[in-house]
Structure formats: structure tokens, C-alpha cells
Amino acid sequence: MGANSSSISELPENEYLQKLSGSEPISENDPFWNQLLSFSFTTPTNSADLKLLEEATISVCKSLVEKNPRTGNLGSLIKVFLSRTKELKISAECQNHLFIWQAHNALFIICCLLKVFISRMSEEELQLHFTYEEKAGPSSYGTECEDLIEELLCCLIQLIVEIPLLYPCQHTDSNWWKWLCSWYRGRYSGGVTSALGYAVRDITYSISLEAVTTLIVFLSCQLFHKEILRESIIHKYLMHGRCLPYTSRLVKTLLYNFIRQERSPPPGTHAFQQQTDGGGLLYGIASGVATGLWTVFTLGGVGSKASAQLEQCSPLASQSLLLLLVLANLTDAPDTPNPYRQAIMSFKNTQDNTAFSSSNPHAFQINFNSLYTALCEQQKSDQATLLLYMLLHQNSNVRTYVLARTDIENLVLPILEILYHVEERNSHHVYMALIILLILTEDDGFNRSIHEVILKNITWYAERVLTEISLGSLLILVVIRTIQYNMTRTRDKYLHTNCLAALANMSAQFRSLHQYAAQRIISLFSLLSKKHNKVLEQATQSLRGSLGSNDSPLPDYRFWEMSDCLHVSETKLRHAQDLNVIEEVIRMMLEIINSCLTNSLHHNPNLVYALLYKRDLFEQFRTHPSFQDIMQNIDLVISFFSSRLEQAGAELSVERVLEIIKQGAVALPKDRLRKFPELKFKYVEEEQPEEFFIPYVWSLVYNSAVALYWNPRDIQLFTMDSG
């Protein structure tokens, strides 16, 4: 960086960077800044390039850290940037066309320096580097200290919420646009409309992206602390004072950046032609700048992804979503809740004309249809799934809208695909997808409607060809597959609980279950039964071994109490605990089957068929004290339909058996079935959800942020495999 550097390897010797980090104070009005900010090398577009940049400039950064408290050069650079951004908002009166380019370059340098400063010092030390003194005038009784942090933060937020307004499609009547059209007219071979559209979009896109990135860097102090930061200086500035009025506009802009998925323009499509009259945009810039100059405005790419994917993603959308997640998960201040979370919780649809509550000054409106479309399309990323979870859980307006959609399959199918490919996803992504299903299944309307949506040829479901299946049956298949995967691999009780809770919420509304879905329900019960018998045998052997004799009498396993196991070693006691867990799962499965039989038996002949086919599985649980009550209805159904099949004769075809079941479902006396409380489970966050979500969000930032790199040895918040 600096006017005469064209590659990263030359940066340590760059005379301008050496002066910036040297012992001499540089006034904000010094011509030096125009020279420093006129650099032309291609700025990094991925974390690997940023790592090289950081390694190359480490000597410069160390020198600045050491000497800045005496020179105040960081503060001068920031003031130069702040002055450039003020010029950026001037319309026709602006005569200096270099400020756009230099404003971006200044912000890029600030962001790079800031990242190093934050990783190497406490917030209190950082604040000292931002503090400067100015003489207040003859009438002052001393010096007046001003903190640049708040001013810079506020400026960044203003850039994010105001720069997108410069898009020509939105403000074609503005003075800014008219002036720009006039200035560029005749300078493009392709005409002002297309060329200027590229130019303006590139400039605004680039600066917006850099502003979002710098805000993320400002908040990255959390990465270097094991504990959750609850009283951060940066948090204080963002939640109070000058930044607070911009809360709703910032959240709204970040959401719209995510919705629009604007792609960064490919290099070369927006290059300005150098003018020979000395009055063009490149006038006065050091030699060698023309080559690759405007590549500073093409910060494309996501993290360290392959280059083939770069053209298919939106860096601004990705970075905006990460910043939104970070802001939404800041801990509440002692005297006020997180205003960014409050904004996310309360925004409404643009078509909603009801008045906002006066108690929430951060409310706003957004186009729910566009938001829904973006959420459906982006679920392959952890961060989009996490956003969907937050909106469904925290914003009742969004939840109501989503549940009312007639194309709910567009949202549910990507979630099911995440669960189906559980082996390829990290555990947090799977949890979020599963909890989203749990939240959706809390609604009876959703549970009914998903069985009315018929799907054709689900190509990603590999176990069996599904030429036609309802969305509800597919959901059951995927959730059961997740349970089975968890039983054999991760053995996570939390995952089991949420899977079964989603099935339980749906069970009373099961309709026309696909024969394969019905088979898988019973197959899962069969697997649980085998697991139960195996664990029971292990527990019995452990208890018998602890008594010292294989001939010692044992209490009936159905009536075991913990007192019977007090003398068992910790390893042996685990078998008894495993038995308790597996019996809880079996109980839940029996309740799910029972709920379907008592509420919608006549709608599900395939489930009755599968139940009869595997009737022997249920024999051992009829007299078990943990299952005896719930087995009464299942036993009644099995006995009733078995009797009717016996009366119909032997060697019946599948079609004939199903016909008998359908006829019997009408004849079965419903009053003979015992009524149980309706199965309903509601998702509730843990008491301190930030202990889970803040490390998760920052692991996403660490792994997915555009062109950001942190040394993994410096990270304290999470381990490198927690993402």
C-alpha cells in the first residue's frame, strides 16, 4: 500500500508506510495523505491473501503500535478518512473526484491496522490510541479530549445505511446522480447508462463492504477472550449515544444487503478510461497506478473458497449477514436490552399497516416476500440458517408470515436437506435446522398443510426412489434418519430429544403416511427395542458381577431403583443410566404411535399395516411398568385388526390387507381407546443462550468472513474444531 507499491512483498520498505509508523507526527492536513492513499495494488479478496498482507506488514504495525501514542498518526489517518467521507456526501459542489478512491483506501488501511491493534491489546489500551487532544480556543480552561472511536463507529454505520442510497436504480432524480451523469457523460464508449451503472455500483459496493468489514473487526475483540464480553467499550458505543439512532436503519440495510445478494462485479468490467486532458479521474495519480487501479473496488470472494465459486456469491451480502448476527447476539447492557436484537424482534412486513408500539423505537418495515425468498435460497450456509432460526424464534411477525405461506415446501426442503446430509454438516448447523423444524411443528396448521403438499422425485434422498411423497412423510423420514444416525454415531441426547419432540408435535396430524415413512417409524422402534435389550443385558451383567456371583438373585429389572446400584462402580452404573435413557426414547416413540392411532387412525392405513407386520416387537413392553399404560391402545389396535385379518382368511395380498384396514378403521369403537394428553412440545432457549450463540457466531465469522484472517493461535473464544 502506498503510491509506489505494486505487490505485497514490497510493503515493508514502502516509504509512506514507514513514515506513517515512524516517530514523526503527521498533521491531518499534510499532503502526505494524498500520496499514501493513492495506492494501486490489488487488495486481498480472501483470507489467504490477507494472511500474506498481515505477515508482510507486521513490522510496520509493530512500529505504529509502539510510536502512535506519541505521534497520534492513527488518529490523523482516521480524521483524514472522516473528512473524505464528508466529501463523499457532497453532490454537485464536489470538485475533487479522487476522494471516493482515497476514502476507500483510507478505510482499508484503518481496517488492517485496527485488526492488528485489537488482537494485541486490551480495549482500554486501544482506546488510548484513539484518544487525541485539541486546543479548544482562548476561552477554554484547558484541553478538551475527544474519543475517535465513537465518531468512527458512527461514521461507518452512516456509510452502510446511506451509501446504498447511491444506487442509480433508487435515486435517479437526485442531484448526486445528475451530477455524476453529467461528469461521466461522453467518457464511456458504451454509453453513460451501462458504464455509469457499473461505476457507481462498484464504488458504493466497495465502500459499503469495507465499512461492514471494519465494524466486524471492531467487534472482534470477543475472539481473544474465553469468557463472553458483557461490558465491552465497543458495545457501549454501539448501544448508546450517537450510534443508537441508527439501529433500525442499520439492521434494515444489512437485511436488504442479504436479500439482494448483489454480486461483486468481475474485474475489468468497470475500468475507467484514462483521460489525456489532465482532468480525468486519474489525474495526478502516481505512475503505474492505472494498471489494476479499480481492482480495489472488486473485493469479491468468500473467505478461502475456491476461485470457481467467487463469481457465484455476494461478498457484501455474506459480510452483512455476519455483522447482523454479531450485533444481534451482543449481550444486553446493564440498563438496556440489546437494541439490535430488539429491532430484529419487532420489524414488520411492508404490507402491514398496523401501528408500531411506542415502547420500541427501533421498529421498522421490510418486504417479507423478498426476505422469505432469500431465506429459502440461502439455507446451505450456516449463517442463513441461523438467521432463519432467530427470525422464527424472536419475531412473531415473521413466524406468522412464514406459517401462512402456501409454498412452505420452498423453505422446509432446504432444511430437510441439511439434516439429510448430517455427515457433511457441523453439529451447530444440524441443531439450528432441527430447532427450526421444532418451531414450525408447534403450529397445527403447519402440521396439517405439509401432508397436503405432494412432492415429485426427491433427487437428494438416496435410500429409496421417492417418485411421489408428501412433504410431511418426507419430513418424518429425514427426522427418523437423523435419530438413527445419532444413535450410531454422536449419541447426543439433546438431538434425540428435539427430533422426537418434532415428531410428537406432528403425530396427531399425521395424514396419508407414505408406506415407506410408516415402515421407518416401526423400524426405528425395532432398532430401539434391540438397543434396549442389549443395554438391559449389559446392565444385568454389571449388577450381577458387582454382587460377586452369577447365581445371586437379582431384583426384577423393571423395578430397579438407584439404591440397588449404589455399590456398582461408575462404569457399571453407566449401563443403568443408559437403560433409563433408552427407555425414555422408547416411551416417546410409543406415545407418538399412540397419538397417531387415537387421532388419525383412519387416515393412516399404512401405519396400521406396518404395526401389524411387526406386532411381535411390542410383546415385551405390554407388562413393563414404564410402558403398560401407553401400550393399552396399541395392543387394542393390534388385536382388533389382527382379528379382522384372521376372519378374512390366509394369504391375503397387500392391497386386500389395506382394504380390510380401511374398513376396520371405520368400525373400530373410538370410545375404547384411552385418551392421553395431547403431545405438544415448545422450544425454549437455555437460560444463558449467549454461551452457545456467541462462540457459534464468531466461529462463522472466523471461517466465512470475506477477506478476513486471524491467527488461529490467538483465538481464545473457541477451539478450532468448534465451527
Side-chain angles (χ1 to χ4, degrees), residues 154 157-158 160-162 164 212 215 219 235-260 317 320-376 378 383-405 411 432 435-436 438-440 442-443 446 682-690 693-694 697:
C154 193
I157 294 174
Q158 289 174 332
I160 295 170
V161 302
E162 293 177 5
V212 171
L215 270 181
L219 290 159
H235 296 183
K236 180 190 69 174
Y237 285 128
L238 289 172
M239 294 188 186
H240 298 86
R242 296 172 57 187
C243 295
L244 187 61
Y246 292 95
T247 297
S248 60
R249 292 179 64 190
L250 178 58
V251 171
K252 182 176 182 178
T253 301
L254 295 175
L255 277 172
Y256 269 125
N257 286 346
F258 166 71
I259 289 170
R260 291 181 179 125
S320 295
L321 179 52
L322 290 172
L323 175 58
L324 180 63
L325 295 175
V326 170
L327 291 171
N329 285 282
L330 296 179
T331 55
D332 294 337
D335 55 343
T336 182
N338 179 345
Y340 302 96
R341 188 183 304 121
Q342 294 294 306
I344 288 176
M345 291 172 63
S346 57
F347 71 81
K348 297 182 179 181
N349 194 351
T350 50
Q351 298 180 355
D352 188 345
N353 297 320
T354 59
F356 285 107
S357 171
S358 58
S359 62
N360 186 1
H362 309 299
F364 62 92
Q365 290 181 302
I366 203 167
N367 188 310
F368 276 18
N369 182 61
S370 299
L371 176 61
Y372 180 81
T373 300
L375 288 169
C376 292
Q378 300 299 319
Q383 43 268 42
T385 303
L386 181 54
L387 175 64
L388 175 59
Y389 157 77
M390 286 171 47
L391 295 178
L392 289 176
H393 177 57
Q394 300 178 4
N395 191 313
S396 59
N397 302 315
V398 173
R399 184 168 61 253
T400 300
Y401 176 86
V402 168
L403 290 170
R405 293 285 302 205
L411 186 67
M432 290 299 102
I435 292 171
I436 287 169
L438 179 55
I439 292 172
L440 293 174
E442 292 172 14
D443 182 76
F446 171 84
K682 185 176 179 63
Y683 170 72
V684 179
E685 280 188 345
E686 300 288 341
E687 290 185 6
Q688 294 184 312
E690 65 274 10
F693 285 105
I694 289 179
V697 168

CD1 of I157 to SG of C243, rounded to nearest 0.5 Å, is 4.0 Å
Hits for side chain to side chain donor-acceptor pair (under 3.5 Å) against Y246, two or more places apart or cross-chain, chain-then-number order -> Q158
Below 30° counts as parallel, above 60° as perpendicular, anything between as tilted: where do the rings of F693 and Y389 land? parallel
Rounded at 0.5 Å granularity, tell me how far CG in N369 sits from CG in N349. 8.5 Å
Quick check: does any side chain N or O of T336 sit under 3.5 Å from a backbone N or O of A333, one acting as donor and the other as acceptor? no
Closer than 3.5 angstrom, by distance alone: can the side chain of N338 be matched with the main-chain N or O of L330 as a donor-acceptor pair? yes
Check: Q365 side chain, D352 main-chain N or O, donor-acceptor pair, under 3.5 Å: yes
Look at the side chain of N395 and the backbone N and O of I344, then say whether any donor-acceptor pair between them is shorter than 3.5 Å. yes
Given side chains that start at C-beta, do those of Y340 and H362 come closer than 4.5 Å, heavy atoms only? no
When rounded to the nearest 0.5 Å, the distance separating CZ of R399 from CG of L391 is 10.5 Å
Partners meeting side chain to side chain donor-acceptor pair (under 3.5 Å) with D443 (sequence neighbours left out): none
R249 NZ/CZ over F364 ring centroid, <6.0 Å and within 45° of normal: no
